[in-house]
Amino acid sequence: MISSPAAAKLVLVTKSHLFKPTFPASKERMIGKQAIFFHQGDYHFKLRRLVLRAFTPESIKNMVSDIESIAIDALHSWENRLINTFQEMKTFTFNVALLSILGKDEVVNREDLKRCYYILEKGYNSMPINLPGTLFHKSMKARKELAQILAKILSGRRETNKDQHNDLLASFMEDKEELTDEQIADNIIGVIFAARDTTASVLTWIIKYLAENPSVLRSVTEEQEAIKNCQDDDNQDKILSWADTKKMPITSRVIQETLRVASILSFTFREAVQDVEFEGYLIPKGWKVLPLFRNIHHSADNFPDPEKFDPSRFQVAPKANTFMPFGSGIHSCPGNELAKLEILVLLHHLTTKYSWSVVGPQTGIQYAPFALPQNGLPIKLSLK
């Protein structure tokens with residue numbers, strides 16, 4: 001286990017070729033062996049290029065209004081009732097993930113995809129025993145059905161004019177990339193998995209920290225009100241623009257500080273492909289190596305008073321290799337721009353239109369498998 005910035009940089013960046021990504025075999029079977037996380041070298045490089053192409057600022061700036069309507073619908077459905085924040089955020093991030101992967105096509109298959117994905121996810125951390133009745137068996141059946149739905153979407157696209165699309169599926173389907181349907185399905189399921197729970201966890205923590213820090217909430221609300229007030233008075237529901245999302249420095253620092261304090265991705269798995277020596281230590285070939293992001297983010301050497309929630313600390317850029325919420329190096333998260341965008345859009349509408357209160361005591365943390373506030377943070381939301 002490594003918790004120094006220098007060692008993390010060695011494993012993830014400078015000597016990344018000596019440490020291959022590694023996951024439990026059951027995870028590979030569930031997501032699909034051809035998914036991007038499980039590879040290194042040329043195949044990984046090609047997939048990463050295709051994913052990044054679909055998630056560049058150029059590509060996602062056209063999605064702002066669609067993400068906004070998903071956010072407005074979500075918030076509207078939470079009004080005046082007790083909600084489990086994490087469960088609701090999972091639905092929101094799932095819908096945004098499908099939009100980014102399948103574009104407007106996703107609406108037709110959304111409910112079927114969601115149903116299968118939720119079954120798959122239930123077995124994600126179960127014992128990998130593939131016998132009828134077990135969670136793992138149910139998951140593998142749902143995994144098969146997901147692949148069938150995706151195959152149907154793929155053949156539908158091939159029959160129509162596929163050039164009209166600029167989503168992730170279109171990026172994967174380009175003829176010259178020569179990906180098989182199985183590779184495309186594995187990677188789509190992988191991207192949903194990577195995009196959903198992590199972002200939903202971050203949003204849940206943000207809601208908790210804003211409720212606990214009224215002065216921070218006030219600053220964020222003022223920043224978002226200013227953007228709203230710049231809009232044309234005749235059109236109160238003016239759509240947010242990409243440029244608007246670039247005028248949110250305070251809100252962006254809240255996201256950064258939440259990523260640091262909550263450290264959703266506590267660590268990542270690597271395996272040494274040969275003996276590696278570092279500062280007098282030997283890391284033997286075949287040993288698992290875990291860069292501990294949480295320890296790095298919570299070290300007083302890197303962040304003074306590390307347990308305090310203080311977004312203003314990000315007015316100054318953190319020291320190199322001390323802040324790695326999306327990992328680092330060639331395996332860092334290619335969807336981080338999309339994640340930030342959907343969080344900003346949701347927070348804009350949440351802070352300008354609603355007030356909320358956390359229900360019940362909130363001191364505990366649960367892991368499922370990411371760190372979460374107790375009971376998924378129950379809140380009551382009402383229009384201002």
Side-chain angles (χ1 to χ4, degrees), residues 27-39 42-56 58-60 62-63 65-67 69-70 90-124 130 136-197 334-335 338 342:
K27 307 276 189 272
E28 291 191 21
R29 284 172 66 187
M30 260 185 200
I31 291 175
K33 284 187 165 44
Q34 314 274 349
I36 185 170
F37 325 109
F38 309 129
H39 293 272
D42 292 346
Y43 178 66
H44 171 267
F45 182 74
K46 168 171 154 171
L47 286 172
R48 186 171 172 81
R49 178 172 54 76
L50 298 181
V51 175
L52 280 168
R53 183 167 71 186
F55 291 151
T56 58
E58 279 308 306
S59 301
I60 62 176
N62 306 318
M63 288 169 54
S65 60
D66 290 319
I67 292 174
S69 50
I70 294 172
K90 274 167 70 161
T91 303
F92 168 66
T93 55
F94 187 77
N95 291 340
V96 174
L98 286 191
L99 172 76
S100 66
I101 295 164
L102 305 175
K104 298 282 203 296
D105 288 2
E106 57 91 20
V107 181
V108 189
N109 301 286
R110 184 189 293 166
E111 292 313 312
D112 281 342
L113 286 166
K114 193 178 289 180
R115 176 179 52 77
C116 293
Y117 187 81
Y118 279 33
I119 300 167
L120 174 69
E121 170 191 72
K122 276 201 180 83
Y124 187 72
N130 205 359
F136 187 78
H137 183 76
K138 289 176 185 159
S139 284
M140 294 308 288
K141 271 177 73 174
R143 170 68 181 76
K144 205 169 166 182
E145 198 181 334
L146 264 178
Q148 288 163 353
I149 299 168
L150 291 168
K152 194 174 80 185
I153 294 170
L154 280 166
S155 68
R157 276 239 180 146
R158 290 197 176 104
E159 284 161 23
T160 57
N161 182 2
K162 61 182 183 211
D163 296 337
Q164 297 166 339
H165 301 275
N166 65 344
D167 46 37
L168 182 62
L169 184 59
S171 189
F172 282 154
M173 281 180 75
E174 280 202 8
D175 296 335
K176 68 173 190 293
E177 304 301 352
E178 297 175 344
L179 289 183
T180 66
D181 286 8
E182 188 188 356
Q183 288 172 329
I184 292 173
D186 287 2
N187 279 288
I188 284 176
I189 291 165
V191 168
I192 295 174
F193 173 76
R196 181 162 163 257
D197 283 25
L338 177 64
E342 65 186 287

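As a basis for the values below, the full set of heavy atoms in this structure was taken, side chains included, without hydrogen atoms, waters or symmetry mates.
Residues Asn95 and Thr91 meet the side-chain proximity criterion, which asks for heavy atoms closer than 4.5 Å. No side-chain heavy atom of Leu168 sits under 4.5 Å from any side-chain heavy atom of Asn187. Looking only at side-chain heavy atoms (C-beta outward), Arg49 and Lys46 come within less than 4.5 Å of each other. In this structure the side chain of Phe92 reaches within 4.5 angstrom of the side chain of Val96, judged on heavy atoms. Inter-residue side-chain proximity for Asn109 and Leu98 is flagged as unmet; no heavy-atom pair is nearer than 4.5 Å.
In this view, Arg48 and Ser332 satisfy the side-chain hydrogen bond (donor to acceptor under 3.5 Å, both in side chains) rule, not counting sequence neighbours.
Looking only at distances, no side-chain donor or acceptor of Asp167 sits under 3.5 Å from a matching main-chain atom of Leu99. Listed for the Ser171 side chain is no donor-acceptor partner under 3.5 Å among the backbone atoms of Val51. In terms of modelled atom types and a separation under 3.5 Å, the side chain of His44 and the main chain of Phe38 share no donor-acceptor contact. No donor-acceptor distance shorter than 3.5 angstrom exists from the side chain of Glu177 to the backbone of Glu174, with no hydrogens or angles considered. In terms of modelled atom types and a separation under 3.5 Å, the side chain of Lys90 and the main chain of Asp197 share no donor-acceptor contact.
Considering every non-hydrogen atom in both Arg110 and Phe94, the closest pair reads O-CE2, 4.4 Å. Phe55 approaches Ile60 most closely through the heavy-atom pair CA-CG2, 4.0 Å. Heavy-atom minimum distance, Ser59 versus Ala54: CB-O, 3.2 Å.
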Donor-acceptor contacts under 3.5 Å from residues 143-152 side chains, at least two apart:
{"unit_1": "Arg143", "atom_1": "NE", "unit_2": "Met30", "atom_2": "O", "d": "2.8"}
{"unit_1": "Arg143", "atom_1": "NE", "unit_2": "Ile31", "atom_2": "O", "d": "3.2"}
{"unit_1": "Arg143", "atom_1": "NH2", "unit_2": "Ile31", "atom_2": "O", "d": "3.0"}
{"unit_1": "Arg143", "atom_1": "NH2", "unit_2": "Asp186", "atom_2": "OD1", "d": "2.5"}
{"unit_1": "Glu145", "atom_1": "OE2", "unit_2": "Arg115", "atom_2": "NH2", "d": "2.7"}

